[in-house]
Asker: 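Sharing a structure here in structure tokens format.
We use all heavy atoms of the structure for the numbers below, so side chains are in, but hydrogens, waters and symmetry mates are not. This one's a predicted model, so the numbers in the text were calculated from it and none came from an experiment. Within every chain, numbering begins at 1; the chains are lettered A, B, ... in the order of the sequence lines, protein sequences first and strands thereafter.
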Amino acid sequence: EAGVTQFPSHSVIEKGQTVTLRCDPISGHDNLYWYRRVMGKEIKFLLHFVKESKQDESGMPNNRFLAERTGGTYSTLKVQPAELEDSGVYFCASSPRRGYVTEAFFGQGTRLTVV
Amino acid sequence: LAKTTQPISMDSYEGQEVNITCSHNNIATNDYITWYQQFPSQGPRFIIQGYKTKVTNEVASLFIPADRKSSTLSLPRVSLSDTAVYYCLVGDNTGFQKLVFGTGTRLLVSP
């Protein structure tokens with residue numbers, strides 16, 4: 001069974017440009033999460049989808065970040081325009097609709113560098 | 001969400017047992033304790049979860065005292081490949097709870 005897939009694995013863009021990150025969750029997982037780690041900081045929650053609906057977007061830093069999950073399958077996270085402080089590793093995770101164990105499956109992350 | 005406190009780093013040698021303790025004094029009645037492992041350049045990976053007493057799986061054991069204000073992740077006979085960051089998280093298990101990561105414990109296993 002394929003795990004959570006993220007691409008690109010790395011992205012280097014200039015300040016002011018736009019970048020779109022993609023996440024393909026495990027098939028059948030209704031829950032999809034975005035997290036990020038900026039340099040030297042802890043992994044922080046960004047938002048949570050249940051199918052195509054945003055359940056919690058309290059972690060989104062500002063309106064330069066836009067996440068979508070059309071059709072409840074893959075998700076994209078767009079940063080427009082990118083700023084230097086957006087550099088970091090962006091993780092996507094998915095989990096089944098509801099279960100006894102809170103096990104989230106993470107992708108390998110996208111390392112974003114804004115120069 | 002309950003806050004967790006763990007040692008920043010630990011060192012061990014191959015073949016030894018490693019115990020990582022996490023403090024979570026404000027744990028709520030509905031909260032479970034979950035541990036994740038993260039290797040460099042990878043996303044976190046679920047290891048084990050428990051509510052009370054002891055839980056064991058093929059990777060680790062989790063010991064939780066009666067007051068649940070702390071927990072200990074036990075890794076038996078570690079190998080070099082167990083070098084990673086280990087995170088202790090606390091939250092309910094509805095599947096709708098966002099994960100709150102702390103600084104984690106960086107475990108270094110040496111030959």
Asker: Determine, step by step, whether R64(A) and D86(A) satisfy the salt bridge (charged side-chain N to carboxylate O under 4.0 Å, His left out) criterion, reporting the C-alpha distance in whole Å, the side-chain angles of both residues, the deciding distance to 0.1 Å, and the verdict.
Answerer: CA-CA 10 Å; R64(A) 294 186 295 103; D86(A) 300 331; 2.5 Å; yes

Asker: Backbone N or O of R68(B) within a donor-acceptor pair of the H24(B) side chain at under 3.5 Å?
Answerer: yes

Asker: Side chain, backbone, both or neither: which part of S9(A) has a non-hydrogen atom closer than 4.5 Å to chain B?
Answerer: neither

Asker: Sort out for me which of E42(A), R37(A), R111(A) touches chain B most, counting heavy-atom pairs under 4.5 Å.
Answerer: E42(A)

Asker: Name the region of T103(B), side chain, backbone, both or neither, that has any atom closer than 4.5 Å to a heavy atom of chain A.
Answerer: both

Asker: Is it the case that the side chain of Q42(B) and the backbone of F39(B) share a donor-acceptor pair, with hydrogens and angles ignored and the cut-off at 3.5 Å?
Answerer: no

Asker: Does Y35(A) reach the main-chain N or O of L99(B) with its side chain, forming a donor-acceptor pair under 3.5 Å?
Answerer: yes

